[in-house]
Number of protein chains: 4
Amino acid sequence: MIFASDNWMGASDRVAAALVEAAAGHAPAYGNDPLTAAVEASFSRVFEREVATFFVATGTAANALSLAQFAKPGGVVFCHRDAHIAVDECGAPEFFGGGSRLHRIDGAGGKLLPADLAAAISAYPAEALHHGQPAAVSISQLTEAGTAYTPAEIAEIAAVAHGAGLPLHMDGARFGNAVAGLGVSPAEASWRSGVDVLSFGGSKNGCFAAEAVVFFDPGKARGFEFHRKRAGQLFSKSRFVSAQFAAYLDGDHWLDMAAHANAMAQRLADGLVAAGSAVPLRPLGNEIFATLSKAADGRLRAAGASYYEWPPAGLIAAPLDNDTIFVRLVTSFRTDEADVERFVQIVSAVDA
Amino acid sequence: MIFASDNWMGASDRVAAALVEAAAGHAPAYGNDPLTAAVEASFSRVFEREVATFFVATGTAANALSLAQFAKPGGVVFCHRDAHIAVDECGAPEFFGGGSRLHRIDGAGGKLLPADLAAAISAYPAEALHHGQPAAVSISQLTEAGTAYTPAEIAEIAAVAHGAGLPLHMDGARFGNAVAGLGVSPAEASWRSGVDVLSFGGSKNGCFAAEAVVFFDPGKARGFEFHRKRAGQLFSKSRFVSAQFAAYLDGDHWLDMAAHANAMAQRLADGLVAAGSAVPLRPLGNEIFATLSKAADGRLRAAGASYYEWPPAGLIAAPLDNDTIFVRLVTSFRTDEADVERFVQIVSAVDA
Amino acid sequence: MIFASDNWMGASDRVAAALVEAAAGHAPAYGNDPLTAAVEASFSRVFEREVATFFVATGTAANALSLAQFAKPGGVVFCHRDAHIAVDECGAPEFFGGGSRLHRIDGAGGKLLPADLAAAISAYPAEALHHGQPAAVSISQLTEAGTAYTPAEIAEIAAVAHGAGLPLHMDGARFGNAVAGLGVSPAEASWRSGVDVLSFGGSKNGCFAAEAVVFFDPGKARGFEFHRKRAGQLFSKSRFVSAQFAAYLDGDHWLDMAAHANAMAQRLADGLVAAGSAVPLRPLGNEIFATLSKAADGRLRAAGASYYEWPPAGLIAAPLDNDTIFVRLVTSFRTDEADVERFVQIVSAVDA
Amino acid sequence: MIFASDNWMGASDRVAAALVEAAAGHAPAYGNDPLTAAVEASFSRVFEREVATFFVATGTAANALSLAQFAKPGGVVFCHRDAHIAVDECGAPEFFGGGSRLHRIDGAGGKLLPADLAAAISAYPAEALHHGQPAAVSISQLTEAGTAYTPAEIAEIAAVAHGAGLPLHMDGARFGNAVAGLGVSPAEASWRSGVDVLSFGGSKNGCFAAEAVVFFDPGKARGFEFHRKRAGQLFSKSRFVSAQFAAYLDGDHWLDMAAHANAMAQRLADGLVAAGSAVPLRPLGNEIFATLSKAADGRLRAAGASYYEWPPAGLIAAPLDNDTIFVRLVTSFRTDEADVERFVQIVSAVDA
């Protein structure tokens, strides 16, 4: 019953097999190999336009380097208060941006609202040198609250960003879960809605370590290869990332894995609600936030379940009573349905 | 006949198998898993003392972050003119050091001489604020010329560095080849000779992507985990690097692979000399620099051999005649003896 | 009637005379001159202990370099929401800190409360690598709301900072006004209350351009000279800053000028309150925030008065009615008492 | 007999008077004052085209920020081996460029040769990501050897730089001496010969502290104001720099001062040659490099003369004998002709 995080999971069999197959051969280093070229082409196919794709080692690197491409002196990046870039990346976006500032904006359900974004940007008028200058907007998809922006919502944010001359970055660590959950195409979930650059995550959804930065206008990627190399993010055996992505993208394997994770989250949410838990945000992807009685928590821990307690702030309105805790549960491509059933059963057993 | 680079090769079967095995399970993320702990302990065993080990994505990251740990404002890192950090890392050491300068020093056979190092350091006297301040010394093992420092040579350099209050970093992208070639222990090749921090490379010698920064005094590693995370170099599924290193270190697999590569280089060098090539530096590891007639080059290319032409400057004294080129040949854990024989045969066939 | 800012004013006659006198002679460059040595000694005398003093060009440089001395990878600096470093320095603290983050904390009257500071620091527990690591605490004296911390208040904040192993920085752009207003010694207002490093401002209080970084423990200043030089902040004719400070400190000229400015602010505040303005924070230094009727504003502008409208948020509780604006008024060493009287008279004339 | 450096001198009477005059008044801060606007216009007049001018605190800041405007990840700046930016700025150009590298090129008489520059640039071909990417070319005028590039020489270097898509920066710490010495217009010595951005120095030639960055194409200065502010280089009382430059530029005061310094250097050189010293490079500006007998050196020091011994490497071909030293002598706007005569007399007295 592993619900701690999707990055606790291993890699999918197909991804592992692709890696082993690639291990046997040889090829030019630093991405100058046929497999890397083929996978880069796959990205263009997946997104239905020519894109510029760059593999990097981690999601933090993908985010920080995406934003570094648009850095300015005194530059300000606008994001949600709880954005991964603002909370969980140890200052990487600031560092790679040469001292960028992250302007954090409140927003219910993990989402930025266009009006709040516009107000934040307007605090940096062009003539007010001393405050710094707007550089980029970044949103997460899935959000840190497990929700997803609809294409229409993204488009509204993109309109504000572009109206201020700013590029829109999307942290897509769980982009697959969002696409599968929304039931839209990868293109609709990104550039067709105004996203300029995407951190495309594979590691949480069945890869070993496979992350990519995808620029939807290759012209905006000019010089990015230097950012990547200077960051120590260009693998010499780059094709081992390519091999993972090859299997990941092939036959929509990535979307199938994401859909499975999402379905497990739905079932878990349904079961928990039925068992009396509050699940404030209906899950669209593979993350659930829920209340648990301390008794249920004790039984679950005893049974070996893993998951994290989570700060409820911003996710539920009412304060918790003393017998209740708030937790985050994350499903994955490999979550076993039986584990979900067992988890729910343990929660409902006595409490119900 | 792949002699272009050791990083053109895939991964060893044992490394690949370890990765696949790890892919099936699950474990806490970000290195907080039992396998990572076990592999970190293995590093202490390999080096015969308690060391602090940090996995990173690439050799460039290992080097740049090692040096960043000792960065100072206006800091200067002393290295050989041809050092990988100075030539092939796109300014990563300068970037991660907040604007460090690399002071490049000439030296025959790819090696720094202690007296030249001392002279270079003395150009930055403590009172001469304007020139900057010495921060660290870095050497490569194998060197960029394919040679290796003996423990005694390292100790002499370390004495100069430490005498000036500077740490000694070793770029060990091919550390295994050096250890196997020198026939000394990993400890003798590093901290017993005065090395303070080592970039320990696995990717060129049988891993997919496995590099580590090893601090021989864990006290000097304080805060390094923030450098790594901020650099986007902390893998969420860190145990997949651990799995590679587990197989790599187990039963001295790494040294066996390196010894094979070295032996192949020896055989290749012997054969080429017999065939009339000049091989100015007797190979100790897995890199050879040699002259080839243009005719032999033509025959080799026609037969599908891969290798790089290389600037002879600093490696051979006499200028090349018009019918001769200079090349670098790199063997690997997977180099086939038959390929070596065939390569030599093609060279000698007509020229001899 | 110049109340726009104290940095709109020229330089005091004594400061100007000292500069002219120094202009005639010659002396070694880069601060290696007798006058600079003498003025550095004066700082130790003023603060009643041996201090390490470094002249820089601007207050932004003083703040940013003070904090850079304590920078860490992923480092976080805690400050008030409205701190000058966070609002008006175009990201200089982030830049010089290699990507530092400023964690902004709310606080009434421009002041940090110790409990809020402690809570903010506790969000970065030692084991939570991903969030970053605390690096320093910074407070402003005068605060951005024109108030001043008492020595006891500073000591409480210092206790929290030091308890967390963090140095306490004070942005003393208006330190003279604070010292004069509090009626305490410079030592009490700084290191005796726990301040570790002070940005000591002269430019706003009668100098041309004279700012200094003062470390109260010279041991903590080690290497700072490299920070300054690398920042392009070491004047070749450093003694021209020294000359300003010599006159500034001589015979407590700085405190006399500050006391005059403060007295003018008091008189202005008294007059405005009598005339019906709300002055929410009783001025201790030379800044006043006050309401004005739009009619009075019109009359003042017509009479050539200069001052800035100011966002009332955080300074007054009740919302303004449509006929009222909120303004900041700053007095200086050169504010003419007659101007104050005239300003008040114009406000009260009709409104009263 | 002050020949140690031109920055040992005070300020000219006219510059000092202008500063004092400005000290009396008041004006908006941060350069938004009429005097600053007028002086910026003067720069356009001096250079016979519309330029974008930015005042900064020091020459190091002017150079580092000029180059920061053109920084790239992995960026390389090409300069002479002895360039001030490479030797005497404590890594400021590297720091402000986010880790730029300075590629130092040998050249006789302190000058870069176009062919050597072209060769250096060609070591960074567009496809060789790992080496980094060319970002800018920087030359010094006067050079560090006291020589000056002719407009034709500058144009040749500019052709190479522009041919490679690189801007040409000129470190004009002694630009006035160069212009006066060459007998050309400021425009000819800069943009008409292909210079894109100039560090225009006033501090060494009669100002207190007045340095400017001048962009000859204002379009290339876009965003530079953020670089300056973020660097802590925007003076709040900016008009005090403006006041210095106003007097400095007025009636070609700067060129008169420079011409005086140059003439003194000529006379000194003539006298020294007559007295038996070797003066390898005929001075065009205000710097002389010369041999002195140790006996003469002793007599001069006894008489209170100040000057620096200097490394002869690169400036004279033959090694010095044991009785001879090599020195640098710098004249200034305030050098007294009597001092020059006396200096020469002391040298020639006994040796002759």
Side-chain angles (χ1 to χ4, degrees), chain A residues 2 4-13 15-17 19-20 22-30 33 56-65 89-92 94-96 203-204 207-209 211 225-241 243 306 332 334, chain B residues 2 4-13 15-17 19-20 22-30 33 56-65 89-92 94-96 173 203-204 207-209 211 225-226 228-241 243 306 332 334:
Chain A
I2 308 297
S5 182
D6 32 11
N7 60 29
W8 282 42
M9 284 298 146
S12 93
D13 295 346
V15 167
L19 196 59
V20 170
H26 60 80
Y30 298 111
D33 62 279
V56 296
T58 67
T60 292
N63 289 335
L65 292 178
E89 302 191 349
C90 196
E94 290 94 331
F95 174 66
F96 284 103
S203 304
K204 288 186 195 296
C207 292
F208 293 91
E211 303 287 325
E225 64 273 23
F226 292 97
H227 271 297
R228 178 174 61 171
K229 173 62 192 171
R230 182 179 68 163
Q233 295 280 344
L234 176 60
F235 287 102
S236 62
K237 295 178 170 177
S238 188
R239 71 195 153 106
F240 291 135
V241 179
S306 71
S332 81
R334 188 171 271 162
Chain B
I2 307 298
S5 182
D6 32 11
N7 60 28
W8 282 41
M9 284 299 146
S12 92
D13 295 346
V15 167
L19 197 58
V20 170
H26 60 79
Y30 298 113
D33 62 279
V56 296
T58 66
T60 291
N63 289 336
L65 292 178
E89 302 191 350
C90 196
E94 291 94 333
F95 174 66
F96 284 103
S203 304
K204 288 185 194 297
C207 293
F208 293 91
E211 303 287 323
E225 63 273 24
F226 291 97
R228 179 175 58 173
K229 173 62 192 171
R230 182 179 68 164
Q233 294 281 343
L234 176 60
F235 288 103
S236 62
K237 295 178 169 177
S238 188
R239 71 195 153 107
F240 291 135
V241 179
S306 71
S332 81
R334 188 170 271 164

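Note that this is a predicted model, so its numbers are computed, not measured. Within every chain, numbering begins at 1; the chains are lettered A, B, ... in the order of the sequence lines, protein sequences first and strands thereafter.
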What part of B:Ala29 gets within 4.5 angstrom of chain A, counting heavy atoms only: side chain, backbone, both, or neither? both

Side chain, backbone, both or neither: which part of A:Tyr30 has a heavy atom under 4.5 Å from chain B? side chain

Aromatic centroids of A:Phe95 and B:Phe226 separated by under 6.0 Å: no

For B:Gln233 and A:Gln233, which heavy atoms make the closest approach, and how far apart are they? NE2-NE2, 3.3 Å

Working for side-chain hydrogen bond (donor to acceptor under 3.5 Å, both in side chains), residues B:Lys229 and A:Thr60: CA-CA 8 Å; B:Lys229 173 62 192 171; A:Thr60 292; 3.1 Å; yes

Parallel, tilted or perpendicular: which fits the ring planes of B:Phe240 and A:Phe208, with parallel below 30° and perpendicular above 60°? perpendicular

Residue part contacting chain A, namely of B:Ala4, when any heavy atom lies under 4.5 Å: neither

Rounded to the nearest 0.5 angstrom, the NE2-OG distance for A:His26 and B:Ser332 is 10.0 Å

Relative to chain A, which of B:Ser306, B:Ser5, B:Ala24 shows the most heavy atom pairs under 4.5 Å? B:Ala24

Please report the closest heavy-atom contact between B:Met9 and A:Lys237, naming both atoms and the distance. O-CE, 3.0 Å

Checking side chain to side chain contact (heavy atoms under 4.5 Å, CB included) against B:Asn7, which of A:Pro28, A:Ser236, A:Ser238 comes through? A:Ser236

Among A:Gly91, A:Ala209, A:Gly25, which residue has the highest count of heavy-atom pairs closer than 4.5 Å to chain B? A:Gly25

Side chains of A:Leu19 and B:Leu19: does their closest heavy-atom pair fall under 4.5 Å? yes

Specify the closest pair of heavy atoms between B:Ala23 and A:Ala16, including all atoms of both residues, with the distance to one decimal. CB-CB, 4.3 Å

Ignoring hydrogens and geometry, is there a side-chain-to-backbone donor-acceptor pair from B:Arg230 to A:Glu94 under 3.5 Å? no

Against chain A, label B:Leu65 side chain, backbone, both or neither, depending on which of its atoms sit under 4.5 Å from a heavy atom there. neither

Give a yes or no answer on whether the side chain of A:Thr58 reaches the backbone of B:Gly232 with a donor-acceptor pair at less than 3.5 Å. yes

Quick one: closest heavy-atom pair of B:Phe96 and A:Ala231, and the distance? CZ-O, 3.6 Å

How long is the straight-line distance from CZ of A:Phe235 back to OG of B:Ser203, given to the nearest 0.5 Å? 8.5 Å

What residue in B:Ala62, B:Cys90, B:Ala64 has the most heavy-atom pairs under 4.5 Å with chain A? B:Cys90

Heavy-atom distance under 4.5 Å to chain B: side chain of A:Ala57, backbone, both or neither? both

